[in-house]
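Just follow the structure's listing: the first ligand is 1, and inside any ligand the first atom is 1. One is the number of the first residue; the rest follow in order along the sequence.
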Amino acid sequence: MMDLKCLVAESAFISRSRAKATGTVCIDPDTGIIVANGATDLDSFLTTGDRLVTPGLVDSHTHLVFAGDRADEFYRRARGDTYADIAREGGGILRTMTATRAASEDELFELGRARLVRLLDAGTTTVEVKSGYGLTDKDELKQLRAIRRLAADFPGQVVATYMGAHAVPPEWKGRAGGYLKRCSELIATIAADGLAEFVDIFVDPLAFSRDDCDCVVQATFDAGLKLKLHGDEFGDDGTAAWGAGLGATSIDHLGGISPDGIDALAGSATVATLLPGTMFFSAHGRFAPARAMLDSGCTVALATDLNPGSSHVYSLPLVMTLAALRMGMTAQECLDACTVNGAKALGKQHLVGALDPGMRADIVVWDCTRLDELPYHAGANLARDVIAGGKVVKRDGVWLGW
Ligand SMILES: [Zn+2]
């Protein structure tokens, strides 16, 4: 036992049970796994003083592997142009598709790695990453291979999602059903190569109808993969109830969810993943009714939706600020949404999102003493010490890297 590293957490740490305790987290340095908490007789390697200690944050919805940027669209939207105006002129997802198709796998890896550094520096240790900017078999597989390399490189966890059903590519214009059939045929290959754990579909009148999605849903489950949906984003399309009935692991966005949809999610194991950064950044759509969802018993996660168009937002603490300010969530609900519930949205609650024995040593020491300070410090990076998989990547506010 004397070989173990030991984090003295004199402040509160939050475990799976949501109980707050003062104590010590002990990490096996060989495996990066927590082996005990509550012990006090081991050498200290990081004294936290009076600071808040939490599990590393879980960002369960990002699109961070992409090439190019859309800064000009950001300023156009701010001046009043709509997302639809911009898309009609060749902007939006298809513009990122063009840049991503032109990029090599190596370039996508480097671009993704730089973004993961920013996330980790702000306290995020588990990151879901979707494909969906290639939109051909070849380019989707290229994106997924880049994500796999990021997963091997990153000291935290990267979880891959295939999202060919992100937009109808120009080659399939007017033939969304045919394109989805093509996507469904690729899923077995992706599963066989271990390139993704999840499949995600943008279910929306602007993207894909539920009827057209059936083949993708079937192929997902046939291949043993898990399902996520972008749903009920701008209005009530009935996607929440439909997805909960299918056993989707999460349904994301939900700005337009109906009371029936809320009831369906509350009575299911499906996680409601809310993305207030997208409303903030794109000023399009509505903030999801988080209060009603929480009060009904839904499991609510928060994520950044990091992407170059509608949510160029990297910081989960900033997302917590928005959730508190605009959706009425408490600080504890915000933290749960970015830890244990984010882990559930990825099916990884046995591994990340809490500081219990047997879980990964993904830990953040924050430069504050109370949990309610975290959403309150809008835009500040309070992550003082960051440990990912037992490795200290940031100490005393200084980035060490990995
Ligand atoms: Zn998204």
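- Side chain of H166 to main chain of G132: a donor-acceptor pair is present (N/O by atom type, distance under 3.5 Å, no hydrogens or angles).
- More than 12 non-hydrogen atoms from other residues, nucleotides or ligands lie less than 6.0 angstrom from CZ of R118.
- Within the protein, the number of N/O/S atoms found under 2.8 Å from the Zn ion (ligand 1) is 4.
- Among residues at least two apart or in separate chains, there is no side-chain hydrogen bond (donor to acceptor under 3.5 Å, both in side chains) pair with a member in residues 259-268.
- For T96, the side-chain hydrogen bond (donor to acceptor under 3.5 Å, both in side chains) partners at least two apart in sequence or on another chain are R70.
- Annotation: ring-ring contact (aromatic ring centres under 6.0 Å, His included) contacts of Y314 (sequence neighbours excluded): H312.
- For R95, the CZ atom is densely surrounded, since the number of other residues' heavy atoms within 6.0 Å is greater than 12.
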